[in-house]
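The structure appears right after this line, and notes come after that.
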Amino acid sequence: MAVYTDVSAAGLSEYLARYDIGTLVSFHGIAEGVENSNFLVQTTGGTFILTLYEKRVDPTDLPFFIGLMQHLAAGGISCPQPVAMRDGETLGVLAGRPCAMVTFLPGVSVRRPSAANCGQLGEAMAKLHLAGQGFAITRRNALSVSGWRPLFETAGARTDTVHPGLAATIAEELADLEAHWPADLPAGVIHADLFPDNAFFLDEALSGIIDFYFACNDLLAYDVAVCLNAWCFEADGAFNATKGRALLAGYQSVRPLETAEIEALPRLARGAALRFLLTRLVDWLNVPEGALVRPKDPLEYLKKLRFHRAVDSARDYGIAAAAGADA
Ligand SMILES: Nc1ncnc2c1ncn2[C@@H]1O[C@H](COP(=O)(O)OP(=O)(O)O)[C@@H](O)[C@H]1O
Ligand SMILES: N[C@@H](CCOP(=O)(O)O)C(=O)O
């Protein structure tokens with residue numbers, strides 16, 4: 001459960017008075033998520049999500065996140081909508097944290113995605129990439145390759161307390177990715193954290209996408225790689241090529257990948273695995289005292305990294321380079 005900052009009923013009632021969404025009926029901290037503090041808020045006007053932005057969110061990035069949700073919704077993507085206050089502001093401060101109120105999105109996330117879910121996710125991600133075109137604000141990916149070494153340094157000597165030999169594996173992988181990270185691939189707005197807990201389904205169909213707080217401008221195929229990791233591995237650590245094929249086919253039904261993107265997928269997938277291995281490692285070693293949060297297992301991503309290191313080509317994910325848009 002992620003609630004790092006407590007909110008009082010009195011404080012929230014006072015804050016709600018700035019909006020035109022009724023008065024407080026009830027609220028509680030949400031038992032999912034790891035980054036920010038989220039509250040489900042019932043008012044006499046409806047149901048909303050209140051997010052208090054925590055440590056990894058730079059307040060100067062908030063206009064990007066808020067504007068992006070508005071831009072994507074205008075482009076037909078089902079995502080939360082920032083609620084404006086009476087004075088037109090969408091960003092406020094509560095309990096000393098920057099915060100925003102967004103609309104509640106109906107639907108449920110799937111714990112064990114099926115191949116059909118993976119296909120729908122691939123399609124939705126490609127639509128998101130297309131809808132992101134033309135968004136006026138940009139945000140560099142602070143958690144791309146140049147951000148990984150500082151994370152590794154934060155974990156430092158404690159790395160091997162999590163798993164013997166982990167530091168050496170990370171050091172080797174990091175050096176290789178820093179030297180050979182793909183540069184000249186199609187780029188645009190990516191979600192960058194489109195895990196199963198951030199996609200909602202209703203009646204077997206993908207109904208919406210949430211949690212845009214890692215969104216940024218980066219390689220579109222990197223987002224695909226993040227999702228191959230997050231959606232297509234089984235609980236026992238095995239990659240499920242049927243799910244990989246479905247995800248990639250869903251994506252390509254909307255936006256065919258270029259040959260260079262397909263060829264880069266194994267390296268992008270290694271980078272995506274290292275990124276989540278590192279953030280999970282740092283979080284695992286630094287759980288804030290008193291916070292209601294369940295840190296995620298870094299070693300899940302060590303296994304995924306090892307899988308990608310053994311991959312020959314994108315064919316192992318269920319795609320052939322010849323199937324690219326420019327083939
Ligand atoms: N707009 C929304 N509509 C419905 N539920 C939401 C919404 N935003 C967040 N949630 C719920 O809150 C949980 C945590 O939100 P998330 O944005 O993933 O948090 P974090 O950024 O801390 O990881 C989600 O898994 C979901 O259950
Ligand atoms: N998806 C990341 C952690 C970020 O949490 P989220 O709740 O915002 O998806 C991970 O699994 O490491």
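Order of listing sets the numbers, starting from 1, for every ligand and every atom in it.
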In terms of residue, atom name and distance, what is the protein heavy atom nearest to atom 8 (O) of ligand 2? D211 OD2, 2.5 Å

Minimum distance, heavy atoms only, to atom 1 (N) of ligand 2: which one of N38, D297, L277, D193 is it? D193

Honestly, for N36 the part within reach of ligand 1 (heavy atoms, under 4.0 Å) is both

Testing the 3.5 Å rule here: is there a donor-acceptor pair between the side chains of T5 and E54? yes

In terms of its nearest heavy atom to atom 21 (O) of ligand 1, the top option of L52, D211, V102, I49 is D211

Inter- and intrachain pairs under ring-ring contact (aromatic ring centres under 6.0 Å, His included), touching residues 131-150, at least two apart: F64-F135, H71-F135, W148-W181

Near N198, which atoms of ligand 1 are under 4.0 Å from a heavy atom of that residue? 18 (O)

Take atom CD in E234; do more than 12 heavy atoms of anything else shown fall under 6.0 Å from it? yes

Interfacing atoms of ligand 1 (cut-off 4.0 Å, heavy-atom, P80): 1 (N)

Can you tell me which residue among F276, Y301, F239 is in a ring pair (Phe, Tyr, Trp, His ring centres under 6.0 Å) with F233? F239

Relative to the heavy atoms of F104, which atoms of ligand 1 are at a distance of less than 4.0 Å? 3 (N), 4 (C), 5 (N)

ILVMFWY network linking L105 to M101, side-chain heavy atoms under 4.5 angstrom: no

I210 heavy atoms, cut-off 4.0 Å: which ligand 1 atoms fall inside? 8 (N), 9 (C), 10 (N), 24 (C), 26 (C)

If we number the atoms of ligand 1 from 1 as shown, the ones under 4.0 Å from a heavy atom of T103 are 1 (N), 2 (C)

is_close_aromatic(F65, F212), centroid dist under 6.0 Å: no

Answer yes or no: is there an ion pair linking R255 with E123, defined by an N-O contact shorter than 4.0 Å? no

For D197, counting its heavy atoms only, list the atoms of ligand 2 lying under 4.0 Å from any of them. 6 (P), 7 (O), 9 (O)

Ligand 1 atoms nearer than 4.0 angstrom to some heavy atom of L105 are 1 (N), 2 (C), 3 (N), 4 (C)

With only distance considered, is Y213 within less than 3.5 Å of ligand 1 through an N or O on each side? no

Is ligand 2 under 4.0 Å from a heavy atom in the side chain of N198, in the backbone, in both, or in neither? side chain

At a 4.0 Å threshold, what atoms of ligand 1 neighbour a non-hydrogen atom of N38? 14 (C), 15 (O), 16 (P), 19 (O), 20 (P), 22 (O)

Can you check whether T279 has an N/O within less than 3.5 Å of an N/O in ligand 2? no

Distance-only donor-acceptor check, side chains H129 and D223, under 3.5 Å: yes

